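A, B, ... follow the sequence lines: proteins, then strands. Residue 1 opens every chain. Please read all numbers here as calculations on a predicted model, not as lab measurements. Values reported hereafter were calculated over all heavy atoms of this structure, with side chains retained and with hydrogens, waters and symmetry mates removed.
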Amino acid sequence: MLLKLKQDLKKSVHNAFPTARGIEMEDSAIIINPTKKEFDGDYTFVVFPLVKALRNSPQNIADAIGKEIVSFSEYVVDYNVVQGFLNLSLSSKYWQELLQEVADEQFGVKPSVGQKMMVEFSSPNTNKPLHLGHIRNILLGWSMSQIAEANGFDVIKSQIINDRGIAVCKSMMSWQMFANGATPQSENIKGDHFVGGYYVKFEQAFQEEYRAWQVGDGQAVLNEHKKENEDADAFFKRYKNTYFNEYSVIGVKTKEMLLKWEASDPEVKALWEKMNGWVYEGFEETYKALGVTFDSINYESETYLLGKETVEKGIESGIFYKKDDGSVWIDLEDAGMDHKIVLRSDGTSVYMTQDLGTAQMRYAEHGIDSMVYTVADEQDYHFKVLFEILKRLGEPYADKLFHLSYGMVDLTTGKMKSREGTVVDADDLVADVAQAAKDSSTERGGLEGMSEEEKDAIYHKIGLAALKYFIIKINPRKRMTFDPNASVDMQGTTGPYIQNAYVRIQSVLRKVKQAGFEQVPFEGQISYETLDRELLVMMASYPIVLEEALEKYDPSVVASFCYNLAKNFHRYYHDNVILDAENAVVSSYRIYLATSIAQILKKGMKLLGIEMPDYM
RNA sequence: GGUUCCGUAGCUCAGCUGGAUAGAGCAGCUCACUUCUAAUGAGCAGGUCCCAGGUUCGAAUCCUGGCGGGAUCACCA
């Protein structure tokens with residue numbers, strides 16, 4: 001309908017100003033916005049861009065166009081001009097047709113664009129459980145994948161799991177030393193938490209060992225290696241890695257384990273597989289609670305070798321160069337970056353090496369056209385470099401890579417730091433929000449007569465809606481502060497507020513059914529009041545919102561849309577009786593309208609990974 | 001220091017490729033439930049859009065330069 005309006009507008013410009021025929025007027029060049037509340041009208045056309053070409057005053061231009069469009073368009077009944085803004089009032093025919101359009105279940109569904117897009121998100125390490133940072137990542141990535149799908153892309157949701165390396169070996173070593181054969185089953189602990197616990201234990205044991213060394217043998221090293229004016233604390237902080245690699249008993253043992261792993265030592269590999277298996281079971285549970293799934297998983301243990309091959313080939317073709325010490329680099333100075341290492345002097349791979357291999361493996365497996373990496377903004381530079389290297393390697397998808405970069409999550413008490421134990425655990429968080437939802441729900445008593453199971457499912461939906469919306473409503477680029485109290489807030493700009501709009505409609509629809517009303521598409525005649533028109537205008541913008549969210553890689557666009565629609569509906573609901581309106585025609589219209597609103601709210605929220613309950 | 005992101009009400013945030021008098025929510029103060037779910041609605045109050053220039057019919061928005069904050073510039077991932 002918006003398109004038809006634009007066409008009429010274009011036609012009237014051309015009719016009113018024959019000299020303008022030559023002027024190109026793309027649909028996108030015709031700017032029409034919903035009219036601001038202070039003025040009369042539904043849509044506003046800004047004529048300023050035409051002033052120069054038509055060599056006339058804004059007032060005259062707007063007036064002429066207005067007169068013209070009213071004369072022939074069946075959709076425009078009136079107009080007024082305020083300072084070069086042409087405000088158009090639309091006919092009930094327009095609203096009638098628009099209502100049919102937005103009520104269609106297929107409204108907003110885009111045809112396939114025939115493109116495969118991979119969206120990577122979550123991407124955890126196997127040495128600790130998921131935390132709040134992962135949650136922001138997962139919500140963004142998941143939502144982006146849904147938005148791409150809604151825009152007609154064939155989407156592959158993917159994660160890369162960092163399942164190898166020294167950190168993973170630390171948990172393994174620690175388990176060997178301290179566990180006495182304990183398992184998640186025997187201890188009744190979720191697998192990822194179980195393994196994470198041994199990682200923590202390792203760090204504690206290492207710190208203890210390091211402290212003991214500092215007051216013993218370490219003194220000699222201190223005196224020999226410390227810089228002038230450097231105190232012991234500063235020195236030992238700086239020296240930690242060297243100590244780990246050269247002096248630490250458990251450090252050296254862990255490094256040996258890593259070497260054995262790389263040499264495919266059967267015993268080490270068996271332990272590795274067992275412990276990672278525990279972790280994956282734990283992750284699976286968390287993903288399930290969050291309502292996310294993946295189509296494809298890559299493991300770094302399976303891609304890093306391919307990355308090394310790529311580098312070897314790239315040396316031959318002159319993309320990379322080898323230094324005397326054997327390390328391999330790439331010179332990116334002509335692209336405004338610096339020299340970057342891609343292979344260590346001992347031949348082992350770095351982060352970049354693995355990412356090269358992963359990208360190639362993904363292309364080989366899925367033939368993707370484009371790729372979105374959901375990774376925190378601390379890695380902006382890494383991805384800039386990665387994309388440049390892939391371009392130089394001549395990868396066919398290289399100019400369709402996007403780093404969905406997002407700001408880190410802070411706590412009201414400051415940064416999350418694993419060393420200081422301030423990390424907010426994902427599983428705890430989910431449990432907390434469900435509990436908060438339960439508390440407020442119980443207080444309100446809207447779920448009486450339901451089974452405990454049904455109630456719990458609803459608490460979960462509400463709690464998760466609060467948590468997810470709290471995070472996803474914020475523009476990804478921005479660093480965000482996570483306030484646990486605000487995250488379980490259920491009033492105002494929140495997930496539950498939007499759910500409530502939906503639930504209110506469901507409640508009405510249940511009453512409709514009870515009353516024996518038959519729900520059919522509304523085709524009667526009514527007069528569309530201000531709020532009716534505002535709601536319709538808003539719903540009409542849904543497809544545009546989807547496109548915008550995709551273009552900007554920003555789910556928060558969808559989040560604000562849903563909130564605004566819910567907000568307008570709440571007001572509408574307050575001011576208008578749906579079921580017992582002044583007459584049956586108006587009632588059936590309002591039922592139809594409300595049904596459409598519910599439909600769009602549900603679709604929109606689904607893109608954010610938020611489900612709608614029927615009761616709350 | 002180089003690069004980059006951010007800076008809007010007491011707090012948390014919107015503000016689309018420049019458009020009319022800068023908007024929400026929270027917190028504060030009022031008011032409205034025997035009524036389709038009050039997890040709601042209505043109202044009051046709250047602003048140097050970080051600062052200074054520039055571009056033009058018009059700048060929170062674009063450009064330049066500052067100021068403040070984050071990130072990054074590893075043979076870590």
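Not a single donor-acceptor pair under 3.5 Å links the side chain of Ser556(A) to the backbone N or O of Ala559(A). Judged by distance alone, with hydrogens and angles left aside, the side-chain atoms of Thr35(A) form no donor-acceptor pair with the main-chain N or O of Asn87(A) at under 3.5 Å.
Base pairing analysis places U72(B) opposite G2(B); the two distances defining the Watson-Crick or G-U wobble pair are each below 3.5 Å. Summarising the base pairing, C44(B) is matched to G28(B) through a Watson-Crick or G-U wobble pair whose two defining distances lie under 3.5 Å. Across all strands shown, C62(B) forms a Watson-Crick or G-U wobble pair, both distances under 3.5 Å, with G54(B). The nucleotide C33(B) finds no pairing partner, because no Watson-Crick or G-U wobble arrangement with both distances shorter than 3.5 Å includes it. Across all strands shown, nothing is found opposite A9(B) as a Watson-Crick or G-U wobble partner with both distances under 3.5 Å. Figure legend. A22(B) is base-paired to no nucleotide; pairs are counted as Watson-Crick or G-U wobble with both atom distances under 3.5 Å. Pairing of A14(B), defined by two Watson-Crick or G-U wobble distances under 3.5 Å, is not identified with any nucleotide.
At a threshold of 4.0 angstrom between heavy atoms, the contacts of Asp338(A) are confined to the sugar-phosphate backbone, with no base atom among them. Among the protein residues, Asp483(A) comes within range of no part of the nucleic acid, since none of its heavy atoms lies under 4.0 Å from any strand. Within 4.0 Å of Val577(A), counting heavy atoms only, lies at least one base atom of the nucleic acid. Across all strands, Ile462(A) comes closer than 4.0 Å to base atoms (heavy-atom distances). At the heavy-atom level, Thr481(A) lies under 4.0 Å from the strands shown only through sugar-phosphate atoms. Within 4.0 Å of Gln514(A), counting heavy atoms only, lies no atom of the nucleic acid at all. Ser441(A) comes within 4.0 angstrom of a base, heavy atoms only. Looking at heavy-atom distances under 4.0 Å, Asn576(A) makes contact with a base. No contact: Asn568(A) has no heavy atom under 4.0 Å from any strand.
Here the P atom of nucleotide U35(B) and the NE2 atom of His574(A) are 13 Å apart, to the nearest Å. Between the CD1 atom of Ile32(A) and the C1' atom of A20(B) there is a distance of 17 Å, rounded to whole Å. Rounding to whole angstrom units, CD1 of residue Ile474(A) and P of U12(B) are separated by 10 Å. The nearest whole Å value for the distance from the NZ atom in Lys323(A) to the C1' atom in A74(B) is 12 Å. Leu546(A) places its CG atom 19 Å from the P atom of C16(B), with the value rounded to the nearest Å. Residue Lys128(A) contributes atom NZ, which lies 14 Å from atom P of A77(B) at whole-angstrom precision. Summarising the geometry, the separation between CG on Asp575(A) and P on A38(B) is reported as 13 Å, rounded to the nearest angstrom. If you measure from atom CZ of Phe85(A) to atom C1' of U21(B), you get 12 Å, rounded to the nearest angstrom.
Taking atom C1' in both A45(B) and G10(B), one finds a spacing of 12 Å when rounded to whole Å. The same atom, C1', is picked in A60(B) and in G15(B); the two are 8 Å apart, to the nearest Å. Between G7(B) and A74(B), the two C1' atoms lie 30 Å apart (nearest whole Å). Nucleotides U8(B) and A14(B) have their P atoms positioned 10 Å apart, rounded to a whole Å. To the nearest whole angstrom, the two P atoms, one in C51(B) and one in C11(B), are 15 Å apart. Rounded to the nearest Å, the gap between the P atom of U64(B) and that of U55(B) is 15 Å. Of the P atoms belonging to C5(B) and C63(B), the separation is 10 Å, rounded to the nearest Å. Separation of the P atoms belonging to G69(B) and G28(B) is 32 Å when rounded to the nearest angstrom.
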Polar atoms only, N or O, under 3.5 Å: list the protein pairs with nucleotides 22-27 of chain B and their distances.
residue : atom : partner   : partner atom : Å
A24(B)  : O2'  : Tyr563(A) : OH           : 3.0
G25(B)  : OP1  : Lys567(A) : NZ           : 3.4
G25(B)  : O4'  : Thr493(A) : OG1          : 2.9
G25(B)  : O2'  : Thr493(A) : N            : 3.3

If you restrict it to nitrogen or oxygen atoms, what contacts under 3.5 Å exist between nucleotides 69-72 of chain B and the protein, and what is each distance?
residue : atom : partner   : partner atom : Å
G70(B)  : O2'  : Arg479(A) : NH1          : 2.7
A71(B)  : OP1  : Lys415(A) : NZ           : 2.3

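With contacts defined as side-chain heavy-atom distances shorter than 4.5 Å, the pair Thr412(A)/Thr481(A) qualifies. Using a 4.5 Å heavy-atom cutoff, the side chains of Asp614(A) and Arg510(A) are in contact. Phe206(A) places a side-chain heavy atom less than 4.5 Å from the side chain of Ser248(A).
Scanning atom types as modelled, one donor and one acceptor separated by under 3.5 angstrom connect the side chain of Asn87(A) and the base of A20(B).
Close to A14(B), at under 4.0 Å from its OP1 or OP2, lies a side-chain N or O of Lys478(A). Between Tyr615(A) and A39(B) there is no side-chain polar atom (N or O) within less than 4.0 angstrom of OP1 or OP2.
Ring-plane geometry between His382(A) and Tyr351(A) is classed as parallel, the angle between the planes falling under 30 degrees on a 0 to 90 degree scale with a further cut at 60. Using the six-membered ring where Trp is involved, Phe85(A) and Phe48(A) have ring planes that are perpendicular, over 60° apart on the 30 and 60° scheme. Relative ring orientation between Tyr592(A) and Phe522(A) is described as tilted, the plane-to-plane angle lying within the 30° to 60° band.
The aromatic ring of Tyr497(A) does not stack onto the base of A39(B), failing the criterion of a centre distance under 5.5 Å from the six-membered base ring together with planes under 30° apart.
Cation-pi check for Arg477(A) over Tyr406(A) is not met; the charged atom does not lie both under 6.0 angstrom from the ring centroid and within 45 degrees of its normal. A cation-pi arrangement, defined by a distance under 6.0 Å to the six-membered ring centre and an angle within 45 degrees of its axis, is present between Lys170(A) and Phe244(A). In this structure, Arg136(A) forms no cation-pi arrangement with Phe482(A), as its terminal cationic atom is not both closer than 6.0 Å to the ring centre and no more than 45° off the ring axis. Cation-pi geometry between Lys322(A) and Trp329(A) is not met: the NZ or CZ atom fails to fall both under 6.0 Å from the ring centre and inside 45° of the normal.
Few gaps surround CD on Glu38(A); more than 12 heavy atoms of other groups in view lie less than 6.0 Å from it. Counting non-hydrogen atoms of neighbouring residues, nucleotides and ligands closer than 6.0 angstrom, the CG atom of Asp40(A) reaches no more than 12 such neighbours. Within 6.0 Å of CG in Asp324(A) there are 12 or fewer heavy atoms belonging to other residues, nucleotides or ligands.
Taking the nucleotide of RNA chain B with the nearest heavy atom to each of Ile341(A) and Val557(A), the more 5' of the two is matched to Val557(A).
Ranking G15(B), A20(B), A77(B) by closeness to the Lys552(A) side chain, first place goes to G15(B). The listed nucleotides are C36(B), A20(B), A39(B); the one nearest the side chain of Leu579(A) is C36(B). Listed candidates were U40(B), A20(B), A77(B). Nearest to the side chain of His570(A) is U40(B).
Of the residues in residues 326-333 of chain A, those with a non-hydrogen atom less than 4.0 angstrom from any atom of RNA chain B are Ser327(A), Trp329(A).
With hydrogens and angles left out, the side-chain atoms of Thr126(A) and Asn276(A) include a donor and acceptor closer than 3.5 Å.
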